[in-house]
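Everything on this sheet refers to the single structure shown next.
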Protein chains: 2
Amino acid sequence: MGVNGAYACVVRTKVASTNGGKPMKDTIFIKPGQMAIEDVDKPTIQAPDDVILHIVRTCVCGSDLWNYRGIDATAPHSQNPGHEAIATVDAVGSAITTLIPGDFVIAPFTHGCGHCAACRAGFEGGCLNHDDNFSMGAQAEYMRYQHAEWSLVKIPGQPSDYSEDMLKSLLALADVMATGYHAARVARVKTGDTVVVVGDGAVGLSGVLSAKMRGAKRIIAMSRHEDRAALAREFGATDVVAERGDAGVAKVMALTNGEGADAVLECVGSEQSVDTAVQCGRPGATVGRVGVPHNAKMDLRPLFFRNTQIAGGPASVTTYDKQVLLDAVLRGEINPGKVFTKSFKLDDIDAAYQAMDKREAIKSYVIVD
Amino acid sequence: MGVNGAYACVVRTKVASTNGGKPMKDTIFIKPGQMAIEDVDKPTIQAPDDVILHIVRTCVCGSDLWNYRGIDATAPHSQNPGHEAIATVDAVGSAITTLIPGDFVIAPFTHGCGHCAACRAGFEGGCLNHDDNFSMGAQAEYMRYQHAEWSLVKIPGQPSDYSEDMLKSLLALADVMATGYHAARVARVKTGDTVVVVGDGAVGLSGVLSAKMRGAKRIIAMSRHEDRAALAREFGATDVVAERGDAGVAKVMALTNGEGADAVLECVGSEQSVDTAVQCGRPGATVGRVGVPHNAKMDLRPLFFRNTQIAGGPASVTTYDKQVLLDAVLRGEINPGKVFTKSFKLDDIDAAYQAMDKREAIKSYVIVD
């Protein structure tokens, strides 16, 4: 889950030799339902704190599908806002002191400065020092990564040192696992809590894993797809509720002695999912929402009388990776890469989108190099 | 601030002798702009966990004014929902083990059971064991206090042991001080924080005092009334912003190096005040709102992209009184009773309402016995 839908995309033309004629493969949004690989100019350093990344692995995000499905669609023939990657550093701007060419990194979709009030508080998606806080162009051979000094997360060694399964888990730290963790963090999941997770996509499943990491005692995953429910259980779900809407809420209440959950992770973003999330919490519960909201205005009065708290937004990817997630992956304590259930080559990017669109993959993994 | 506006009021008739003919003085809402004292039947024990309270001091709440001003008005000739009192225990139901007649108590406007999931988490306004969680009828000689076993807060000694100033501070613990404290607690105000308080009524001023108690380093009170600004400073405000709306937000930003506050206490409940509160916070800030919401639906998307958190609702009066506020008052560490700037006798209840309606009093204090 990224938030790039809110950002304008670059309209790409086929390869031109304006920058010395070095072409690269890039994913182009042709029209709703059709992605293609075309040659475009390789990106170049444009600011002192830029880094050019050579992409190793990328993937397709649920939020990319809004575009693919023609909802919030960008202009025809524009660069698709892929925003998840692990990569090696190809070139660094003059202000970069933390990285050198050849370093292996996670490329978080958020680009914080690391020292403003927002970043210090662990909310770098709202970094106060620049407005262009989000990635795009990751579904390509190379991408320009702006404000890279603090934001990129160094991985020990080189890509060849890791198994494909480990690369998948490292890639999950560019967005989806950190976003699930964000839901759990802003919902203040703590030891012993009962947690409901609304949404069984890759983010929801990451939310289950995150609730488990933070010590939740009971984790109720709302899922009606058997493959996803199975992974939810593997990630720590103690109960699975297949019902949706009012029936789903009733089931959660039955499972919680009529009390509701201490915390709810809302990982969809629809009006119904937010409503379900609010109703599943006990009085004073926090709903951590990370589904990019596509709902209309909301009546906050029912929340008031139950003291329901609403938190969430773009994840703090760099913060979580550096604080807890990268170590947990490298030690083998978590395997968030299991959300990647189908693999594709970059040339087959349209098939990668299709597999997610048709729910044949929980999340599509794309091998670039 | 109470939440009784959400509850239907009892329509009273002049004294009838249905319960033995014991009359008492009660406040009656005649019509918008007119309150009167009339004789009605003295209330009786109706449930095993009832307590009949002999009111010592009561007061008028900002939320009572919605009715008085003809907004959300109740039926003509109904009992007004006064919900703040200190009192002595007149009679107890058969299930009451914590109190005996003669005890001196704070009568919180919330009536939690003390042991359900909501109460255990410190959100007794949403007590799961009964729906009638709120007081009414406190502007009278006697009131029936339902679900009293855990909820009433015992004060050492008798009313005659305390100065009038101390009685004022004890009365403030029935709602207004606890409500200000709730705003600060749900906004997670902690040591060193920069806090903005929107609203300079009795609750907003109590919010300033609460932020100070919780260790805030900088407290910016938004107030444009000199008497209230002066009390805000006495309670701990380090800065006062007189501007409202966008100009007020700009002033807060100028005072916080363009960053915004860590926490914002929203103590009004209007659409503009909520909007101001949201804009005054840094990314990831929490808005603790305790103003009963009278606003329309709200677009939550701007909150999402700044990770702004919205929390709040009815205060947890018993919890805060027992945990921290009563001790702080009895030790003289806080003087929340200073919000009562005019005193009235119960017979002059209409004048007490008028003084608040015309902003001649921050909060009107009513002497009953």
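Order of the sequence lines sets the chain letters (A, B, ...), proteins ahead of strands, with each chain counted from 1. What's counted below: heavy atoms across the whole structure, side chains too, no hydrogens, waters or symmetry copies.
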Any idea which of A:Thr256, A:Ile310, A:Val287 has the most non-hydrogen atom pairs under 4.5 angstrom with chain B?
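With the most close heavy-atom pairs to chain B, the winner is A:Ile310.
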
Atom pairs and distances, donor-acceptor, side-chain atoms in residues 112-126 of chain A, under 3.5 Å, two or more places apart:
residue: A:Arg120; atom: NH1; partner: A:His115; partner atom: O; Å: 3.0
residue: A:Glu124; atom: OE1; partner: A:Thr319; partner atom: OG1; Å: 2.7
residue: A:Glu124; atom: OE2; partner: A:Val317; partner atom: N; Å: 3.3
residue: A:Glu124; atom: OE2; partner: A:Thr318; partner atom: N; Å: 2.9
residue: A:Glu124; atom: OE2; partner: A:Thr319; partner atom: N; Å: 2.9
residue: A:Glu124; atom: OE2; partner: A:Thr319; partner atom: OG1; Å: 3.4

Residue part contacting chain B, namely of A:Leu128, when any heavy atom lies under 4.5 Å:
side chain

Within residues 278-286 of chain A, residues adjacent to chain B where the heavy-atom gap is under 4.5 Å:
A:Arg282, A:Pro283, A:Gly284, A:Thr286

Part of residues 188-198 of chain B lying next to chain A, heavy-atom separation under 4.5 Å:
B:Arg188

Nearest non-hydrogen partners of [X] and [Y], listed with the distance:
X	Y	result
A:Met298	B:Leu300	SD-CD1, 3.2 Å
B:Phe304	A:Gly291	CE1-O, 3.5 Å
A:Asn307	B:His182	OD1-NE2, 2.8 Å

Step by step, work out the side chain to side chain contact (heavy atoms under 4.5 Å, CB included) result for B:Leu303 and A:Arg289.
CA-CA 11 Å; B:Leu303 277 65; A:Arg289 63 191 183 119; 4.0 Å; yes

Applying salt bridge (charged side-chain N to carboxylate O under 4.0 Å, His left out), name anything that partners B:Asp49, two or more places apart in sequence or on another chain.
none

